[in-house]
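Each chain gets a letter, A, B and so on, in the order the sequences are listed, and its residues count up from 1.
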Amino acid sequence: MADEEDPDVPILPDLYKPPALLPIAQLKDQLLYTIETYPVTIVVGATGSGKTTQIPKFCLDAGWCADGKQIAVTQPRRIAATSVAARVAEELGTLLGQRVGYSIRFEDVTSANTQVKFLTDGLLLREMLVDPLLNRYSVIMVDEAHERSLSSDILLSLLKKVLRKRDDLRVVVSSATLEAERFLNFFAPDEGEKVHGKSKEEYGRIVGIQGRTYPVEIQYIIEPTNNYVEAAVDAIMNIHTSESDGDILVFLTGREEIDDTIDLLGDRIADMSSKQQKLLTLPLYAGLPTDAQMFVFQKAPTNTRKVILSTNIAEASVTIDDIVYVIDSGYVKLRTYDARLGIETLNVLPVSQASATQRAGRAGRTRPGKCFRLYTEETYKSLEEATFPEIQRSNLAPVILQLLNLGITNVVRFDYLSPPPSSLITRALDLLYSLGALDIHARLTKPLGTRMAELPLPPQLARTLLSSCAPQFSCVNEMLSICAMLTLQSPVFVAHDGSKAALEAARRRFSVRQGDHLTLYNVFQAFVSSGASVLFCRENALNHKSLVRAVSVRKQLAAYLSRFGVDVSATAVCGPEVLAAGGVPLPERICRCLATGLFAHAARMKGEDGSFVTVDGKTVLWAHPSSVFFHRKAEWVVYTEMLETKGKIYIRDLSSVEMDWLVEYAPEVYRVREGKR
DNA sequence: GAGCACTGC
């Protein structure tokens, strides 16, 4: 499939409506008046209201770029930034990258002429390091703020601070109804106080914009079910036999569940009479190879109804046209962070009301639709109004590192939109201190802490990468590749033709006894040596898209190191023939170097069955089935990630180390433990 | 022994 080469091209654009026909057109004057008069405008607009494309155009028309300043519009996702920019450029009759451009990681399509710039909110945060008051912008619109992502929450907090210093800046926040008041109150000065002469009442307004979507009829289940997979299968068959034409979108929680549902449906389809309209089942989840994802967007053949079984990816990230029926299981898989144990957990949890509404809305994009909720109306009413903000359930170490680097010295009393539990902050500070990023007064160390903050890597990996430049490790080139590989979100090995055996065989081909990190290095090296070949990836059950991305990440990381003054090219000559630095072979130096960043993630192998225990001996951990140590033996290991799912704690990306190394590189942590034993 | 919701720099 051609897509394999170019994964970021939007597959289907949002429903197109001529701008003049959008309800927002009638609000132009009101919107511009509000933006002119108040520092903060909260825009409440449903999907299809045109807010994202039209508001920047209105501001441009009204002269907000007259003095050479730009309008920024942030998006939570890369694909949204690129596709919306393309749309606006077209509407203005300009080439993308000229008056209208976009900027996302690895791609800056802007020029000196760019007046409206779409970018991810994470990237705007990075821009603040260079330009803390964001002086190049006259208007900043934060789109989809109601999703409450980590980066948009932090961005809003920082914009509030910027507004206190700049009375010429205008902030537009796009929100769902539910959060609008909260956002407005957050930005407004306290009762009785004034900012730039403006009181609470004079500081901002909420503007509502009607959407252009079709009505969706909601039906609830009468009797609660304890098996929503079966209930979903029943619902699909009911729609298929008794409702009119139209494709079905089913929200489930994960890959395994989706595969089970497809199997169950297969049995039921086999029972159908041949005269009936056919049913085509299609899975959709992020881990699916790109070519398989594409099927979802193709029109169903004649006399066939499409059923898409999807994870939460179809709730906001991906839009599929022609969906008329939505089936909502009422559940979602969410990642949360347990600060006490330092473990991330992946749990199946009930969705929020906001989420349920968003899912239902996916049925009414092209004509009136129906949504079948596999739970009762009472259950719906008992759901949380909105999903817990990410900032209250995440490992905050990366965020806190970034805040400190922006000069926010007191991260505990920082003005969060929703303050995270103090345990999360304490845990993050402890970790950063142990990694050497902070001193005893919780100040960023120089240059280690500031460099760690700048690198687009989790703190432990940032520390590992910086260690690799030290003479005793001398493995910066290898570590660049390893870190790049570790940042890949989707699995590196995929079953191209559904063949698990081929996948495992390929995995074994690259495996080495030192562990997963060196195995990943081997994969990366082999991929690059193949000339980034698609065929090579097919033959070796590798995800081409991921590996191409790893090449970009590596390049970017290397550029950061050069900026820090590390001569990356000089060590490039350190090939296999120069293996020893101080007499230590390269593989050992790499494992030692990993220990300098991952020491807090150490475990000792317990049995023959892939079980490990933590250093304190209190918690049992299991090698993830993708690990080299699922089959092989080790004594001590460090690992990159720990994740609890279905009651079992798995560790991923393991490498063999020695306890002596841990004591050597993290004496404060391990001498104490040694003494206690 | 048997698994990976979704984003982002």
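- Regarding A/E641, its CD atom lies at a distance of 14 Å from the P atom of B/dC6, rounded to whole Å.
- Backbone-only engagement by A/T645 is indicated by non-hydrogen atom pairs under 4.0 Å involving sugar-phosphate atoms exclusively.
- Rounded to whole Å, the distance from CZ on A/F493 to C1' on B/dA2 is 17 Å.
- Checking B/dC4, B/dA5, B/dC6 against every side-chain atom of A/P491, the shortest atom distance belongs to B/dC4.
- Below 30°, between 30° and 60°, or above 60°: for A/F493 and A/F510 the angle between ring planes is between 30° and 60°, a tilted geometry.
- Between A/D143 atom CG and B/dT7 atom P there is a gap of 17 Å when expressed in whole angstrom units.
- Atom NZ in A/K646 sits roughly 13 Å away from atom C1' in B/dA5 (whole-Å rounding).
- Atom CG in A/D260 sits about 12 Å away from atom P in B/dG3, given to the nearest Å.
- Applying the side-chain contact (heavy atoms from CB on, under 4.5 Å) test between A/I327 and each of A/V307, A/L249, A/V250, A/L252 identifies A/V250 as the sole match.
- The OH atom of A/Y650 sits 6 Å away from the P atom of B/dA2 (whole-angstrom rounding).
- Every pair passing salt bridge (Lys or Arg N to Asp or Glu O under 4.0 Å) that includes a residue from residues 122-133 of chain A is listed here, sequence neighbours excluded: A/K117-A/E127.
- For A/R255, taking side-chain heavy atoms from C-beta onward, the closest of the listed nucleotides B/dG8, B/dA5, B/dG3 is B/dA5.
- We find that CD of A/Q489 is positioned 7 Å from P of B/dG8, with the value rounded to whole Å.
- No donor-acceptor contact under 3.5 angstrom links the side chains of A/R78 and A/T120, judged on distance only.
- Residue A/T311 has a polar side-chain atom (N or O) positioned under 4.0 Å from OP1 or OP2 of B/dC6.
- Ranked by how close their nearest DNA chain B nucleotide is to the 5' end, A/E390 and A/E504 are led by A/E504.
- Contacts of A/R77 with the nucleic acid, taken as non-hydrogen atoms under 4.0 Å apart, involve only primed sugar atoms and P, OP1 or OP2.
- If you check every strand for non-hydrogen atoms under 4.0 Å, A/L123 touches sugar and phosphate atoms only.
- Checking the phosphate oxygens (OP1, OP2) of B/dA2, a side-chain nitrogen or oxygen of A/K648 falls inside 4.0 Å.
- Neither OP1 nor OP2 of B/dT7 sits under 4.0 Å from any side-chain N or O of A/R335.
- Using a 4.0 Å heavy-atom distance criterion, A/D609 is classed as a base contact.
- Between A/T120 and B/dT7, a side-chain N or O to OP1/OP2 separation shorter than 4.0 Å is absent.
- Residue pairs meeting the salt bridge (Lys or Arg N to Asp or Glu O under 4.0 Å) criterion with at least one partner in residues 449-460 of chain A, sequence neighbours excluded, are A/E454-A/R563.
- The distance between atom CE of A/M642 and atom C1' of B/dG3, rounded to the nearest whole Å, is 17 Å.
- As judged by a 4.0 angstrom heavy-atom cut-off over every strand, A/R393 is placed among residues making no nucleic acid contact.
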